[in-house]
Amino acid sequence: MPYQLQLLRNLIERHPERAGNLELHVRALEQSIEELPNTCLASVRTIFEAAQASIGLTLNIEFGREGLPGRMTKVIEAFDFTMADHPDGAKIHEELTALIKGIEETTTSLARLSNIPNMRHGGALDWAVLQRQHAYMLGGLCDALVSFLLDVAWSRPSETAETPTGPSYEIETAFNDNLDSEYELVEIAGSIFEPSRILFTLDRTQYEAALAEWRATNPAEGEREAAA
């Protein structure tokens, strides 16, 4: 039976309006685990990074130049587990936050592992690479943690329910112009399309991740977009 990221797939079914192109990333990881386990670490890291960027946009988290662990710290700090209908609601938040602090250590190890030659890139042809048992472990880890983080963020009641989540293509003009200056226009059957619009339409998750990274390196532009 082909390997499946069951928790992430279940999350996509429950939140189709927010999932964007998460399924594309899920399928890529599932395929790498089955066919190319030595490449699964790159897919796992990509899903973690895309999830962090999406959660950041959903919860209005400002990321700077932090690495994967630093962004995870900000994500966890933004979560609110307080239960208003429980007399110890604040204590519950405190303990649940402490409980998931372990995710920070996990992402630290994930970042360090992915920087070792031949685990994700670099290295020599005759060096050892990750095997299927490692791929199964990393896939299960990604499935459990990322689905939990996204579920917490996506299940949070919106203060403005009628306001759509995620970035608006029309508002992010500076970022779109930057993308379009880096990549050539795409012509299909006589029609011309901007690279930024293609990315926004076909892979919203990656668009959000690239937007978050651009904002971190261009804070002044990001502030001007927000003010507009």
Side-chain angles (χ1 to χ4, degrees), residues 12 15-29 31-32 36 39-75 78 107 110-111 114-115 117 119-122 142 146 149-150 153-154 160 163-228:
I12 293 170
H15 297 278
E17 77 287 353
R18 298 203 183 204
N21 286 285
L22 177 59
E23 185 176 358
L24 296 178
H25 294 284
V26 167
R27 287 208 308 264
L29 176 53
Q31 183 176 7
S32 70
L36 294 169
T39 67
C40 73
L41 183 56
S43 296
V44 167
R45 178 159 180 155
T46 295
I47 291 180
F48 266 93
E49 291 173 340
Q52 288 177 337
S54 295
I55 293 171
L57 290 168
T58 301
L59 302 185
N60 297 317
I61 304 172
E62 293 186 6
F63 293 129
R65 295 181 178 273
E66 308 93 347
L68 188 70
R71 291 193 297 273
M72 187 59 70
T73 298
K74 287 191 172 182
V75 166
T107 51
L110 184 65
S114 63
N115 289 328
M119 295 295 96
R120 185 167 59 108
H121 51 66
C142 180
V146 173
L149 295 171
L150 288 174
W154 292 350
T160 54
T163 301
T165 59
S168 168
Y169 179 82
E170 287 72 20
I171 292 178
E172 307 298 341
T173 55
F175 171 65
N176 295 334
D177 290 343
N178 179 71
L179 273 183
D180 294 339
S181 68
E182 291 188 26
Y183 301 94
E184 297 181 358
L185 294 172
V186 177
E187 181 176 357
I188 303 175
S191 297
I192 304 297
F193 302 93
E194 301 99 334
S196 59
R197 188 174 293 277
I198 292 175
L199 183 62
F200 181 85
T201 303
L202 298 182
D203 194 342
R204 186 73 59 85
T205 301
Q206 191 58 36
Y207 180 92
E208 293 178 356
L211 173 61
E213 182 178 352
W214 179 81
R215 283 176 174 172
T217 56
N218 299 272
E221 291 291 345
E223 290 175 2
R224 278 196 286 270
E225 293 288 356

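Sequential numbering from 1 along the given sequence is applied to the chain's residues.
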(message) Nearest 0.5 angstrom please: I55 CD1 to L149 CG, how far?
(response) 5.0 Å
(message) On a heavy-atom basis, which atom in P195 and which in E184 lie closest, and how many Å separate them?
(response) CG-O, 3.1 Å
(request) Please name the pair of heavy atoms, one in I12 and one in A19, separated by the smallest distance, quoted to 0.1 Å. (result) CG2-CB, 4.0 Å
(request) Give a yes or no on whether a salt bridge exists between R215 and E172, defined as a side-chain N under 4.0 angstrom from a carboxylate O. (result) yes
(message) Rounded to the nearest 0.5 Å, what separates atom CZ in R45 from atom SG in C40?
(response) 14.0 Å
(request) Report the distance from atom OG1 of T173 to atom CG of N178, rounding to the nearest 0.5 Å. (result) 11.5 Å
(message) Just so I know, are the side chains of L68 and Q52 near enough to count as touching, which here means a heavy-atom distance under 4.5 Å?
(response) yes
(request) Apply side chain to side chain contact (heavy atoms under 4.5 Å, CB included) to the pair L179 and E194, showing each step before the final yes or no. (result) CA-CA 9 Å; L179 273 183; E194 301 99 334; over 6 Å; no
(message) Is the shortest side-chain heavy-atom distance between K74 and L59 below 4.5 Å?
(response) no
(request) Classify the side-chain pair N21/T205 by whether it contains a donor and acceptor separated by less than 3.5 Å. (result) no
(request) Find the distance between CG (L211) and CZ (R204) and round it off to the nearest 0.5 Å. (result) 11.0 Å
(request) Would you please indicate yes or no on a ring centroid separation below 6.0 angstrom for F200 and F175? (result) no
(request) Looking only at non-hydrogen atoms, find the nearest pair between E208 and S54 and report the distance. (result) OE1-OG, 2.8 Å
(request) For residues R71 and F48, determine if any side-chain heavy atom of one lies less than 4.5 Å from a side-chain heavy atom of the other. (result) no
(message) Would you say that T217 contacts R65 through its side chain, given a criterion of any heavy-atom pair below 4.5 Å between the two side chains?
(response) yes
(request) Determine whether more than 12 heavy atoms belonging to other residues, nucleotides or ligands lie under 6.0 Å from atom CD of E66. (result) yes
(request) Considering non-hydrogen atoms only, spot the tightest contact between A53 and A212 and give its length. (result) CB-CB, 4.0 Å
(message) For the backbone of I198 and the side chain of T201, can you confirm whether one donor and one acceptor N or O come within less than 3.5 Å of each other?
(response) no
(message) Check this for me, if you would: do E23 and R27 make a salt bridge, where the nitrogen-to-carboxylate-oxygen distance has to be below 4.0 angstrom?
(response) yes
(message) Looking at every non-hydrogen atom in both residues, tell me the closest pair between T107 and P69 and how far apart they are.
(response) OG1-CA, 3.7 Å
(request) Could you check if a side-chain atom of L57 sits within less than 4.5 angstrom of a side-chain atom of F63, using non-hydrogen atoms only? (result) no
(message) Is it the case that over 12 heavy atoms from other parts of the model lie below 6.0 angstrom from the CD atom of E182?
(response) yes
(message) Can you confirm whether more than 12 heavy atoms, excluding those of F193, are under 6.0 Å from its CZ atom?
(response) yes
(request) Report yes if some heavy atom in the side chain of L41 is under 4.5 Å from a heavy atom in the side chain of L110; otherwise report no. (result) yes
(request) Go through the steps for S32 and L29 under the test side chain to side chain contact (heavy atoms under 4.5 Å, CB included), then give the verdict. (result) CA-CA 5 Å; S32 70; L29 176 53; 3.7 Å; yes
(request) Compare all side-chain heavy atoms of L150 with those of R18 and state whether any distance is below 4.5 angstrom. (result) no
(request) May I have the step-by-step check of side chain to side chain contact (heavy atoms under 4.5 Å, CB included) for D180 and R197, ending in yes or no? (result) CA-CA 9 Å; D180 294 339; R197 188 174 293 277; over 6 Å; no
